[in-house]
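Before any comments, here is the structure.
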Amino acid sequence: MITLYGCYRSRASRPLWLLAETGMEHTHVPVIQAYRLPDPGAPDAPVNTASPGFLAVNPIGQIPALVDGDLVLTESLAICLHLARRAGGPLAPKDEAELSACENWALFAATAIEPHSLPILQSQDPQVVEAEAAKLARGLARLEAHLTGRDWLSDRFTVADLMVAECLRYAQGHKPLMEAHPATASWLARCQARPAFQAMWQARSAEPA
Ligand SMILES: N[C@@H](CCC(=O)N[C@@H](CS)C(=O)NCC(=O)O)C(=O)O
């Protein structure tokens, strides 16, 4: 039995999009970030990252977390890789080489993309935003070169596209960056046009901001 913990307005969006792609049977527990609640310990507070029940699953107190039988995973991209392999089919790596490539894209997303894309979304300081955009441009140059003449990172949409697209999403409002990387911008639009992304996005939009 698969249980995914984490609300849509969090990095749980990644495995939730993947679960929508696969149609895998699962239970979803929409744990919310404690810092978004006035009193996370109140008796009527929704289950949150500081709730004892959730801390028993992930002692770090972060979402997402996945329980699959005896296996507990607490990193969103590791959860995506696991669920894709578990589901099989076109989303999953087809062999050892493609698995290694997917792992490489996961680490690329976590280290070359997300640390710079997130501050672009969150910072109110234009100097910080531009400094992070300049750093993100290195990763984007790599993506742009790879995606020029290709529809997907591999020969079809896989978990690698989903992971990189979700980490890059935070920066997609930065118009000059997107305009400077047209193959990447088109690829991101293709990823986000998928019905499973749209379903995830609709559920996310229905959650309180
Ligand atoms: N590297 C982790 C980061 C998880 C993370 O930072 N989750 C945030 C929500 S997106 C969280 O739970 N924040 C609550 C907190 O840190 O108290 C992953 O990718 O899963």
Side-chain angles (χ1 to χ4, degrees), residues 2-22 24 26-42 45-68 71-86 91 102-124 128 132 135-136 139 143 153 158-173 188 191-192 197 200-209:
I2 290 171
T3 306
L4 193 275
Y5 297 84
C7 59
Y8 282 88
R9 287 186 185 272
S10 75
R11 289 173 178 85
S13 63
R14 302 163 183 180
L16 286 165
W17 175 7
L18 195 133
L19 284 164
E21 290 278 354
T22 64
M24 282 169 94
H26 66 281
T27 301
H28 178 210
V29 183
V31 178
I32 188 172
Q33 296 91 332
Y35 65 75
R36 290 173 57 194
L37 297 170
D39 182 3
V47 56
N48 63 75
T49 50
S51 301
F54 178 67
L55 289 171
V57 175
N58 182 7
I60 292 178
Q62 288 189 328
I63 46 176
L66 179 90
V67 176
D68 182 1
L71 180 68
V72 181
L73 296 176
T74 56
E75 281 293 330
S76 59
L77 301 182
I79 293 171
C80 288
L81 286 166
H82 171 73
L83 288 175
R85 295 173 75 191
R86 181 94 148 66
L91 215 66
C102 285
E103 290 168 342
N104 198 75
W105 283 119
L107 291 170
F108 170 80
T111 60
I113 302 291
E114 187 183 278
H116 310 305
S117 61
L118 204 50
I120 289 175
L121 179 75
Q122 291 178 338
S123 176
Q124 307 296 321
V128 170
E132 294 299 336
K135 291 180 195 163
L136 182 57
L143 256 188
L153 295 175
T158 71
V159 61
D161 297 280
L162 186 153
M163 294 185 295
V164 179
E166 271 298 88
C167 290
L168 183 56
R169 171 164 60 82
Y170 308 127
Q172 82 183 99
L188 190 55
C191 290
Q192 295 179 349
F197 175 88
M200 179 279 281
W201 197 249
Q202 214 179 337
R204 185 185 181 281
S205 306
E207 281 186 356

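Whatever order the structure lists ligands and atoms in, that order sets their numbers, starting from 1.
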Would [X] count as a polar contact of ligand 1, with the cut-off being nitrogen or oxygen pairs under 3.5 Å?
X     : value
Glu75 : yes
Arg11 : yes
Gln33 : no
Ile63 : yes

_Check this for me: Ile60, atom CD1, are more than 12 non-hydrogen atoms of other residues, nucleotides or ligands nearer than 6.0 Å?_
no

Gap separating the [atom1] atom of [X] from the [atom2] atom of [Y], nearest 0.5 angstrom:
X      : Y      : atom1 : atom2 : value
Tyr5   : His28  : OH    : NE2   : 11.0 Å
Leu168 : Leu118 : CG    : CG    : 12.0 Å
Glu166 : Trp17  : CD    : CH2   : 5.5 Å

*asked:* So does Ala65 get a backbone contact from the side chain of Asn58, meaning a donor-acceptor N/O pair under 3.5 Å?
replied: no

*Check whether any heavy atom of Pro64 sits under 4.0 Å from an atom of ligand 1.*
yes

So which heavy atom in the protein is nearest [atom], and how far is it from that ligand atom?
atom                    : value
atom 17 (O) of ligand 1 : Gly61 O, 3.9 Å
atom 20 (O) of ligand 1 : Ser76 N, 2.8 Å
atom 14 (C) of ligand 1 : Tyr35 CE2, 3.7 Å
atom 16 (O) of ligand 1 : Gln62 NE2, 3.1 Å

*Got a sec, which pairs hit salt bridge (Lys or Arg N to Asp or Glu O under 4.0 Å) with one end in residues 11-21, sequence neighbours left out?*
Arg11-Glu114, Arg14-Glu114, Glu21-Arg194

*CA sep, side-chain torsions, deciding dist, call: Ile79, Leu4, side-chain contact (heavy atoms from CB on, under 4.5 Å)*: CA-CA 9 Å; Ile79 293 171; Leu4 193 275; 4.2 Å; yes

